[in-house]
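Numbers here are sequence positions counted from 1. The figures here come from the full heavy-atom set of this structure, side chains too, leaving out hydrogens, waters and symmetry mates.
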Amino acid sequence: MPRSVPLIEIARQVARELKRGRPGSSVAMAVTVAQSRPELADALVELFATESRREPPDGPVLDAILLMVNAALEAIGIDAENGDPDAIARVATLRAGVLDLAQEEAFDTRALVSLAGAFSAARLDLGDALHHHLAARLDAAGPEASVPGGPEALIGHLTELAAEAGDVFIYAAQLRDLIAAVPSAQRGPFAVATFAPDVEILREAVLAWLFESAADTRAAVVALLGDAVRSGQVSGTMLRRLIMARTWLPEGERPAVDAVIAAARSRGVSVEPLAPAKVQTVYATGVDGAGAQSLFILVREGRRYAVAAILVKAEHGIRDAWVQHGGTRRDAESLLAQVAEQVGLLPSGIGYAETVMAHALAVNAASGELPPFGLLDVVESAGIATLRPQDADIPALVDSLCAALPTRWLGPEGDAPLLASSGSWPNIYPFVSSWFEDDPAVAAALTGRTRITAKAVSDVLDRVFEVRRARWAERMAWIALAMKEAPGGVDWAAFAVTARALLAGRPLRDIPIMTAIARLSAEVAIRRGRERARP
């Protein structure tokens, strides 16, 4: 779709496809344009405000604009979380713009809720000012204000949403976006208001609130579960999930959860057993420059197939988890082929997936960020009986990897060919193209430089990467372990030996991949400096 086409015309083309119920080329192109040009987010938000004021508003057009807003915010959110200063600044500008429009009453409450949901889906914070504005709008009507008609209408709306979703995890993901506009102080009451014991999906989805960031919301849900046990409203499936997830929650909150579990057992609630899982294959992406890695588990479910996916990030833990159920093997392999084409996939094993998830849960605990509710769907689909936080000792992991190598490869001379081979990784592994540092430390190391020179690269090595050895060693250790877990074995020795050299303090100039990373980091920093200097 040409860039010269006005956004409203793009939205109308998308709306026509949405009305037909057959998303096609217009939808795909609109998403691509929004993702590739995140600077359009401000204009899209203003267009959403304009169209929401029409009488009557055109629902499909608003849905189309919101689709593009979601795509743009997702791209911005990824860059912002990776520390991109331009993306961080863009988020602040967007927040201020939405707040200005909201204060001018450019949106009704439901439209503002939809925008808040887009921010939530992109993991972007609405900010205190916008949250307070929403709280002022919602306070008089209570937590049901986003669905006019009071509590009965709310339950009716959520029942319809659950029926359409047909799955507790799909429904919970949709509910997460719906509640994005609900201020933290109101989420506990909202959780209680959305509990409908007569509707199975709504009843079982109450556990999703245990993964909310607000401690008072989690406390309200645990209290609700205690009442539900006494009323016979906790199922064997809910009990199984509580037992699995209790160690994922903050340690101080576990006794209250344990009391609910004990009460359920004392009332004769039996844990609903899982059907045996038939894991077919496990794949991992490489660890990218921001420390992110995705895992994909292909599972056979009767005559159908499911693909479970997990996204982990080095300083956050498990950031996303979902399962696509009910597809054919061709559907599953097509999805994996698309991922492989875009970022590359490494064959691995279920043992690696469990190790990574356990370590990521420990990172979640350290960062204070709870894992997503969808992680329960992943572990159940993969047949993982127990998953507890377990911080990996990276130096010990590297030692264990290297212990499996021939001793002739481990001396200063023996490992030279393996270290030298790291220089070819950018030509072999797609994820290595993302291996660079993009932060103020790199910019400071290159102050006053406008072109790439050997001295510029040397400065980045000495002033930035020398103190970040452990970070890059960890990335390489995980890749080595993933490769080693692959059925039949894959060449993983070079990654293990490079991680070992980094931890041992070998000169960075003896490790070709580190020079390549430093050069790419310098190129990115100098390019950004030029862009900012333009009038």
Side-chain angles (χ1 to χ4, degrees), residues 1-35 37-74 76 90 93-122 124 126-127 129-131 133-138 140-141 144-150 153-154 156-157 160-161 164 174 177-182:
M1 191 172 298
R3 292 186 177 185
S4 58
V5 177
L7 289 175
I8 185 59
E9 290 303 321
I10 297 176
R12 287 169 181 159
Q13 292 177 35
V14 171
R16 285 193 285 271
E17 289 188 358
L18 295 177
K19 285 179 182 178
R20 291 197 300 267
R22 296 193 302 274
S25 59
S26 293
V27 170
M29 186 59 72
V31 169
T32 300
V33 168
Q35 288 178 333
R37 298 183 62 196
E39 69 274 11
L40 292 175
D42 291 294
L44 287 166
V45 167
E46 290 179 6
L47 182 61
F48 186 70
T50 299
E51 292 300 312
S52 69
R53 290 195 298 267
R54 293 190 182 278
E55 288 294 342
D58 187 327
V61 168
L62 287 174
D63 289 343
I65 299 169
L66 198 58
L67 177 75
M68 291 188 284
V69 170
N70 272 287
L73 292 182
E74 181 182 8
I76 295 168
R90 183 168 284 126
T93 301
L94 271 169
R95 272 198 299 257
V98 172
L99 179 61
D100 287 345
L101 288 168
Q103 290 174 335
E104 294 168 6
E105 298 189 355
F107 312 105
D108 65 17
T109 301
R110 297 189 73 180
L112 197 51
V113 166
S114 297
L115 267 183
F119 269 75
S120 174
L124 295 175
L126 283 175
L130 194 48
H131 264 305
H133 178 83
L134 281 167
R137 285 198 182 190
L138 294 170
E144 300 86 6
S146 60
V147 181
L154 174 64
H157 174 74
E160 292 176 4
L161 190 66
E164 183 179 341
Q174 295 171 341
D177 294 339
L178 178 67
I179 67 166
V182 178

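Contacts of R53 classified as salt bridge (Lys or Arg N to Asp or Glu O under 4.0 Å), with partners at least two apart in sequence or in another chain: none.
Inter-residue side-chain proximity for L124 and L94 is flagged as unmet; no heavy-atom pair is nearer than 4.5 Å. Two residues are said to be in side-chain contact when any heavy atoms from C-beta on lie closer than 4.5 Å; F119 and L130 fail this criterion. Side-chain contact check for L7 versus I65: every heavy-atom pair is 4.5 Å or farther apart. L101 places a side-chain heavy atom less than 4.5 Å from the side chain of E104.
Smallest separation of non-hydrogen atoms from A118 and L66: CB-CD1, 4.5 Å. Among all heavy-atom pairs drawn from A11 and A64, the shortest one is O-CB, 3.3 Å.
The structure places CD1 of I8 at 10.0 Å from CG of L44, a figure rounded to the nearest 0.5 Å. Atoms CG and CE, from L40 and M68 in turn, are 9.0 Å apart once rounded to the nearest 0.5 Å. Here CZ of R54 is found 9.5 Å from CG of L62. Values are rounded to the nearest 0.5 Å.
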